[in-house]
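In this chain, residues are counted from 1 in sequence order. When a ligand or atom number is given, it counts from 1 through the structure's own listing order. The figures here come from the full heavy-atom set of this structure, side chains too, leaving out hydrogens, waters and symmetry mates.
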Amino acid sequence: MIEHTSRQVPKEQIAHQLDCMEQVSRHNALLPEKPLFFCQTFGCQQNEADTERIAGMLAEMGYVRTEDAQEANVIVVNTCAVREHAEKRVFGIMGQYTHIKDTRSDVIICMCGCMVQQEHITEKIKKSYPRVDIVFGTHMLWHFPELLLQRLNGSKRIFAISGDPKGEIAEGLPVQRGAGCHAWLSIMYGCNNFCTYCIVPYVRGRERSRKPEDIEAELRCLVAEGYKDITLLGQNVNSYGKDLGISMDFSDLLARLDAVEGEYRLRFMTSHPKDASEKLFATMAKGKHISHQLHLPFQSGSDAILKRMNRGYTKESYLALIAKAKEYMPDLVLSSDIIVGFPGETEEDFQGTLDVVRQGQYDVLYTFLYSKRSGTPAASMPDSATQEEKQDRFNRLLKTQEGINQQRQDAYQDRELSVLIDGLSNSKDGVYTHCGRTDGGLLVLVRGEDLHIGDFVDVVIEKTSLRALYGSVLGKGYHG
Ligand code: 5AD
Ligand code: SF4
């Protein structure tokens, strides 16, 4: 019998949060003007999705969103711990926001997310940022109404961090999504992989999957509300369901969701190569709504480094995997993450990475210089390359990919593609008035008559650049 590690937050506790929201809402209703909230998000899509939940709770409590922190009554900064650079930026921003209290002492300043799950960070906030009111970790997100109510009622500054790595799943709380036709849909939280460079498993806890029926119900709502571009989210979606003790893997979930009727596209991220299967590619190829897009981070093209990263695959098995994916989906749009300068990386190791980049022919690459994260195994691994050498490798990687990108973009010249219009473009020529995404997620600037956000259109690509494709509309319509 598999142990069920996914724990749902009990209904009574959700009801308690809803009650706290009601109390804050009543308090706010007595104010002469509606109070304002400002949210800033650092980091990944999971953080963006979390911020949408915080915004949903704030809206429910009577706050109205502002894009100007200076006028906000509540400020929330959702932080990222994946690289040092993001942490430094967060502390810089916190300095600015806490100054707002010089003139408006009643503004409530909150910090949440991955960064504050680390003890040395909370210590620093305690000592050096006395004007931060509420600090809550990733596992405490759903407690936010309760925490805010406490602070409004005059409690001392609050540090709500749970160290329990198992985590919980809270259903039934509000979400405020961004404008437009794109929506995030979290299917699982946490990560069990412990790649040796990565802080995520320590700050987001163990993998826990939402129930398929909850995910499907949310998808149905999103489609009914008019969302057309829906991204399923998880640190490693390919291990979906393992903790649920049900006979459903990620491919089965995808197939079940794909059966939901409507005009929409379904994407997902992130896939770990060690868990991506032929079954997944077959499901994608067969799907009606599933985009032929795959984000498959390889991190390094050296077997020795992959081993030290604890990635669970080799260069050869990775290359075989993407060849298989392209066999099923010749039109696949492929992206990846790469880390340059992992401890002990030699020039030869790096050449392996360049080789994968050349063979993989990615449409999009996210490249990172290794950033030491305290508490991770890689932080104590010996390192020999200098910062200059690492930077030089990084620049060569960018240059290699730039050439590939240009070729790949050029290959779309004169092709007909289905594009979902998702915004107005800021194209200077005034010709390509709208922007949108192809099935694979590529950016297209579009020209045509009578275009509306949310339209599916067929375009022919007229010109290309590194950044975007440019197309004119041939006709409208959704092809599932
Ligand atoms: N240093 C640099 N990049 C990192 N990533 C994760 N941890 C680190 C780190 N310590 C990158 C990986 C991952 C992406 C989300 O961030 O490439 O796939
Ligand atoms: Fe980090 Fe690896 Fe988990 Fe991705 S799979 S979140 S890189 S530990």
Side-chain angles (χ1 to χ4, degrees), residues 41-50 79-89 113-115 117-118 121 138 165 167 186-209 231 233-240 242-243 250 268-276 294-302 305-313 318 334-345 350 353 356-357 360 362 364-381 383 385 387 390-391 393-394 397-398 401:
T41 311
F42 289 83
C44 66
Q45 295 77 11
Q46 192 65 63
N47 261 17
E48 284 180 28
D50 283 350
T79 64
C80 171
V82 167
R83 281 171 292 275
E84 191 186 5
H85 177 65
E87 291 193 341
K88 283 197 170 141
R89 279 180 59 212
C114 295
M115 207 172 139
Q117 280 290 138
Q118 304 168 95
I121 298 285
T138 51
S186 295
I187 64 164
M188 59 192 298
Y189 307 96
C191 181
N192 288 358
N193 290 309
F194 289 96
C195 302
T196 54
Y197 50 81
C198 187
I199 196 75
V200 168
Y202 304 90
V203 294
R204 283 200 172 268
R206 294 296 68 71
E207 280 172 2
R208 49 213 185 272
S209 306
T231 307
L233 282 185
Q235 305 299 341
N236 174 17
V237 292
N238 295 316
S239 56
Y240 174 81
K242 284 185 185 163
D243 56 317
F250 179 59
F268 55 87
M269 65 190 304
T270 291
S271 287
H272 194 306
K274 79 177 166 53
D275 300 314
L294 203 53
H295 183 59
L296 206 59
F298 73 86
Q299 313 295 0
S300 166
S302 149
I305 296 286
L306 286 171
K307 201 161 178 161
R308 289 214 293 281
M309 285 179 164
N310 189 31
R311 289 291 289 176
Y313 53 86
Y318 177 85
L334 188 64
S335 58
S336 194
D337 293 344
I338 299 177
I339 296 177
V340 173
F342 184 81
E345 184 191 69
F350 176 65
T353 297
V356 176
V357 167
Y362 297 92
V364 187
L365 269 192
Y366 301 93
T367 46
F368 308 104
L369 267 173
Y370 169 72
S371 170
K372 190 177 193 166
R373 305 284 66 208
S374 81
T376 61
S380 50
M381 290 182 188
D383 199 2
Q387 217 39 45
K390 292 180 180 186
Q391 189 62 52
R393 285 176 198 164
F394 190 77
L397 174 61
L398 291 187
Q401 178 58 17

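Nearest protein heavy-atom contact of atom 7 (S) of ligand 2 is Tyr197 OH, 3.4 Å. Scanning the protein heavy atoms around atom 11 (C) of ligand 1, the nearest turns out to be Arg83 NH1, 3.2 Å. For atom 6 (C) of ligand 1, the closest non-hydrogen atom on the protein side is Val82 CG1, 3.4 Å. Considering only non-hydrogen protein atoms, atom 14 (C) of ligand 1 sits nearest to Asp337 OD2, 3.4 Å. Gln235 O, 4.5 Å is the protein heavy atom nearest to atom 4 (Fe) of ligand 2. At the top of the distance list for atom 10 (N) of ligand 1, counting protein heavy atoms only, stands Ser371 O, 2.8 Å. Among all non-hydrogen protein atoms, the one lying nearest atom 7 (N) of ligand 1 is Tyr197 CD1, 3.3 Å.
Between Phe394 and Phe368, the ring center distance fails the sub-6.0 Å criterion.
Proximity of Tyr318 to Ser336: side-chain heavy atoms (C-beta onward) are separated by under 4.5 Å at one or more points. You'll find the side chain of Lys242 stays beyond 4.5 Å of the side chain of Ser209, heavy atoms only. At a threshold of 4.5 Å between non-hydrogen side-chain atoms, the residues Met115 and Val203 do not count as touching. With contacts defined as side-chain heavy-atom distances shorter than 4.5 Å, the pair Cys44/Val82 does not qualify.
Ligand 2 has no atom lying under 4.0 Å from any heavy atom of Arg204. In this structure, Leu369 counts as a contact residue of ligand 1, since one of its heavy atoms falls inside 4.0 Å of the ligand.
Within ligand 2, the atoms closer than 4.0 Å to a non-hydrogen atom of His272 are 5 (S), numbered from 1 in the order shown. Residue Asn193 has at least one heavy-atom neighbour below 4.0 Å for each of these atoms of ligand 2: 5 (S). Atoms of ligand 1 lying under 4.0 Å from any heavy atom of Gln299, numbered from 1 in the order shown and given with element: 12 (C), 13 (C), 17 (O), 18 (O). Distances below 4.0 Å separate heavy atoms of Tyr370 from the following atoms of ligand 1: 1 (N), 2 (C). Atoms of ligand 2 lying under 4.0 Å from any heavy atom of Cys198, numbered from 1 in the order shown and given with element: 1 (Fe), 6 (S), 7 (S), 8 (S). The ligand atoms of ligand 1 that sit less than 4.0 angstrom from a heavy atom of Arg373 are 10 (N).
Of all the heavy atoms of Arg311, the ones lying under 4.0 Å from any atom of ligand 2 belong exclusively to the side chain. Contacts with ligand 2 closer than 4.0 Å are made by no heavy atom of Asn236, backbone or side chain.
With Asp383 as reference, Lys390 is the one residue of Lys372, Arg308, Lys390 to meet the salt bridge (charged side-chain N to carboxylate O under 4.0 Å, His left out) rule.
Under a 3.5 Å cut-off, the side chain of Gln117 and the backbone N or O of Cys114 do not form any donor-acceptor pair. No donor-acceptor pair closer than 3.5 Å links the side chain of Arg83 to the backbone N or O of Tyr370.
Distances from atom 3 (Fe) of ligand 2 to the heavy atoms of Ser239, Pro201, Cys191, Pro297 show the closest one on Cys191.
In summary, an N, O or S atom of Cys195 is located under 2.8 Å from atom 2 (Fe) of ligand 2.
Interatomic distance, NE2 of His272 versus CD of Gln299, reported as 8.0 Å (0.5 Å rounding).
Between the side chains of Thr196 and Asn310, no donor-acceptor pair is found at a separation under 3.5 Å. A donor atom on one side chain and an acceptor atom on the other are found under 3.5 Å apart for Lys274 and Asn193.
At most 12 heavy atoms of other shown residues, nucleotides or ligands fall within 6.0 angstrom of atom OH in Tyr366.
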